[in-house]
Novice: 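Sharing a structure, written as structure tokens. Questions coming.
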Amino acid sequence: MREQPAMGIHSRRHGAVRLALAIVLMAAALWLGACASRQGPGRSANSDLPELRIGIAPNYPPLAFKRNGQITGVEAQFAAKLGPALGMQTVLVGTPWEDLIPALRDHRIDIIMSGMSITDQRQQLVSFAHPYMRVGQMMLVRRAAAKRLRNNQTINQPTTRVGFVSGTTGEAYVRQHLKRAHPQGFESVDAAVAALRANQLDVFVHDAPSIYSLTAGSDAKDSPLVGRYEPLTEEYLAWAVRKDDDALRTRLDAILTQWNADGMLDSVLSKWIKVRRSPPAANSQGR
């Protein structure tokens, strides 16, 4: 009977030991988890492959936009194919258009894949890979006003409300060539098109792929919107990397050369852009 207290003390001691051991194990697990979350830059938590963070502004259909909450379009499909080609895991990082270049230069992303065109100003800040597409600025108008807004002369009037996505070279075109018109900036293609449909805007200027996607299809003849398919500029779309990242740019150039040779580029572009026309050799401006 006297052994019972002794057994109770022994049991309590074992309980304390087990508790201490559990605390140590829990602390170790937390420490290991923290170490796993603090991997080196560019290393994915779910893969042994290095991670490529792709900056993309999903406001440019059909190149980059959201469908059912997911980023999709030309650039997203390119990104999915680029990962295996580079031996890396690609991660799309939704980024506001105006923050893409700052995010790249600040090492918050590794590459810009967002329908960005090559301009002299941007080339001062980033390096571009080989262009993957040649396009140009175009105009979108309401069908009811198409005859009245038939050319730049009739459009370039103080009463004409001309829209663009802010910070793009669509804006640059409007401000340079339609100086008499009333300019209106929007955050996205969708916002501008909604204003055009609601008669809050007369003309929308943007890259050809967007105009094509908005006016192509079997129901295009019944659409209240029509495109003026005369390209206003010549522009080249390309991916951008940091100016000191020559290694990545060289690898991208090699992949793009291969994709152009084996038809991969045209296959992806044709899936998303049903109509394509070559722009004139004019102003080298773009989104």
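Because only heavy atoms are used, hydrogens play no part in the values below, and waters and symmetry mates are left out as well, while side chains stay in. Values in this document were obtained by computation on a predicted structure and should not be read as measured data.
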Novice: Between Phe204 and Val193, does the side chain to side chain contact (heavy atoms under 4.5 Å, CB included) criterion hold? Intermediate values first, please.
Specialist: CA-CA 7 Å; Phe204 175 48; Val193 171; 4.2 Å; yes

Novice: Are Leu225 and Arg142 packed together at the side-chain level, in the sense that at least one heavy-atom pair is separated by less than 4.5 angstrom?
Specialist: yes

Novice: Could I get the full list of side-chain hydrogen bond (donor to acceptor under 3.5 Å, both in side chains) partners for Ser166, not counting sequence neighbours?
Specialist: none

Novice: For Ala192, does its backbone N or O pair with a side-chain atom of Arg197 as donor and acceptor, under 3.5 Å?
Specialist: no

Novice: If you compare all heavy atoms of Gly55 against all heavy atoms of Leu100, which two are closest, and at what distance to 0.1 Å?
Specialist: C-CD2, 3.7 Å

Novice: Apply the test side chain to side chain contact (heavy atoms under 4.5 Å, CB included) to residues Gln123 and Asp120: give CA-CA distance (whole Å), side-chain angles for both, the deciding distance (0.1 Å), then the verdict.
Specialist: CA-CA 5 Å; Gln123 285 182 308; Asp120 291 340; 3.7 Å; yes

Novice: Could you tell me whether Gln77 atom CD has more than 12 heavy atoms of other residues or ligands within 6.0 Å of it?
Specialist: yes

Novice: Looking only at side-chain N and O atoms, does Asp207 offer a donor or acceptor that is under 3.5 Å from a partner on Ser210?
Specialist: no

Novice: Below 4.5 Å, heavy atoms only, C-beta onward: do Tyr229 and Met138 meet side chain to side chain?
Specialist: yes

Novice: For Asp246, give me all partners under salt bridge (charged side-chain N to carboxylate O under 4.0 Å, His left out), at least two apart in sequence or on another chain.
Specialist: Arg249

Novice: Would you compute the distance between atom CG of Leu140 and atom CD1 of Ile211 and round it to the nearest 0.5 angstrom?
Specialist: 4.5 Å

Novice: Got Val203 and Arg161 here, is their nearest side-chain heavy-atom distance under 4.5 Å?
Specialist: no

Novice: Is the backbone of Gly263 close enough, under 3.5 Å, to the side chain of Ser267 for a donor and an acceptor to pair up by distance?
Specialist: no

Novice: Holding to side-chain hydrogen bond (donor to acceptor under 3.5 Å, both in side chains), I want the full list of residues that pass it with Gln184, two or more places apart in sequence or in another chain.
Specialist: none

Novice: Decide yes or no for Glu75 and Ile54: does some side-chain heavy atom of the first lie under 4.5 Å from some side-chain heavy atom of the second?
Specialist: no

Novice: What residues, two or more places apart in sequence or in another chain, satisfy salt bridge (charged side-chain N to carboxylate O under 4.0 Å, His left out) together with Arg150?
Specialist: none

Novice: Run the side-chain hydrogen bond (donor to acceptor under 3.5 Å, both in side chains) test against Asn152 and tell me which residues pass, sequence neighbours left out.
Specialist: Tyr173

Novice: What is the distance from atom CG of Asn260 to atom CD1 of Ile255, rounded to the nearest 0.5 Å?
Specialist: 13.5 Å

Novice: Mind checking ring-ring contact (aromatic ring centres under 6.0 Å, His included) for Phe78 and listing every partner two or more places apart, or none if nothing turns up?
Specialist: Tyr132, Trp239, Trp259

Novice: Tell me, do His182 and Thr160 make a side-chain contact under 4.5 Å, heavy atoms counted?
Specialist: no

Novice: Could you pull out all residues at least two apart from Ala103 that satisfy side-chain contact (heavy atoms from CB on, under 4.5 Å)?
Specialist: Thr95, Asp99, Arg108, Ile109

Novice: Between Leu82 and Met113, is there a side-chain heavy-atom distance shorter than 4.5 Å?
Specialist: yes

Novice: Can you check whether Gln137's main-chain N or O pairs, donor with acceptor, with Thr233's side chain at less than 3.5 Å?
Specialist: yes

Novice: Is it the case that the side chain of Asp245 and the backbone of Leu248 share a donor-acceptor pair, with hydrogens and angles ignored and the cut-off at 3.5 Å?
Specialist: yes

Novice: What residues form a side-chain hydrogen bond (donor to acceptor under 3.5 Å, both in side chains) with Arg148, not counting sequence neighbours?
Specialist: none

Novice: Evaluate the side chain to side chain contact (heavy atoms under 4.5 Å, CB included) criterion for residues Val226 and Val141: first the C-alpha distance (whole Å), next the side-chain angles of each, then the deciding distance (0.1 Å), finally the verdict.
Specialist: CA-CA 6 Å; Val226 294; Val141 300; 3.6 Å; yes

Novice: Pro84: which residues meet the side-chain contact (heavy atoms from CB on, under 4.5 Å) condition with it, sequence neighbours left out?
Specialist: none

Novice: By side-chain contact (heavy atoms from CB on, under 4.5 Å), which residues pair with Asn156, not counting sequence neighbours?
Specialist: Leu178, Arg180, Ala181

Novice: Indicate yes or no: at least one non-hydrogen side-chain atom of Met264 is less than 4.5 angstrom from one of Lys81.
Specialist: yes

Novice: I'd like to know if the side chain of Asn59 reaches the main chain of Glu187, judged simply by a donor and an acceptor atom lying under 3.5 Å from each other, with no hydrogens or angles considered.
Specialist: yes

Novice: Which residues pass the side-chain contact (heavy atoms from CB on, under 4.5 Å) test with Ile101, not counting sequence neighbours?
Specialist: Arg105, Ile112, Met116, Arg122, Leu125, Val126

Novice: Apply side chain to side chain donor-acceptor pair (under 3.5 Å) to the pair Thr154 and Asn151, showing each step before the final yes or no.
Specialist: CA-CA 6 Å; Thr154 58; Asn151 54 41; 3.2 Å; yes

Novice: Taking the basic N atoms (NZ, or NE/NH1/NH2) and the acidic carboxylate oxygens, is any pair closer than 4.0 Å for Arg134 and Glu234?
Specialist: yes

Novice: Roughly how far apart are Leu52 CG and Met88 CE, rounded to 0.5 Å?
Specialist: 4.5 Å

Novice: I'd like to check Asp110 versus Val241 (side-chain heavy atoms, cut-off strictly below 4.5 Å). Are they in contact?
Specialist: no

Novice: Under the salt bridge (charged side-chain N to carboxylate O under 4.0 Å, His left out) rule, collect the residues that match up with Arg251, sequence neighbours excluded.
Specialist: none

Novice: Ignoring hydrogens and angles, tell me if any N or O in the side chain of Thr168 forms a donor-acceptor pair with the backbone of Val165 under 3.5 Å.
Specialist: yes

Novice: Checking the side chain of Arg242 only, and the main-chain atoms of Leu104 only, is there a donor and an acceptor separated by less than 3.5 Å?
Specialist: yes

Novice: Write down the atom of Gly87, the atom of Pro50, and the distance for their closest heavy-atom approach.
Specialist: O-CD, 3.8 Å

Novice: Rounded to the nearest 0.5 Å, what separates atom CG in Leu92 from atom CD in Gln70?
Specialist: 9.5 Å

Novice: Please round to the nearest 0.5 Å and tell me the distance separating atom CG of Leu149 and atom CZ of Arg228.
Specialist: 8.5 Å

Novice: Kindly give the heavy-atom pair with the smallest separation between Tyr236 and Pro131, and that separation in Å.
Specialist: CB-CB, 3.8 Å

Novice: Working to the nearest 0.5 Å, report the span between CG of Leu201 and CZ of Phe164.
Specialist: 9.5 Å

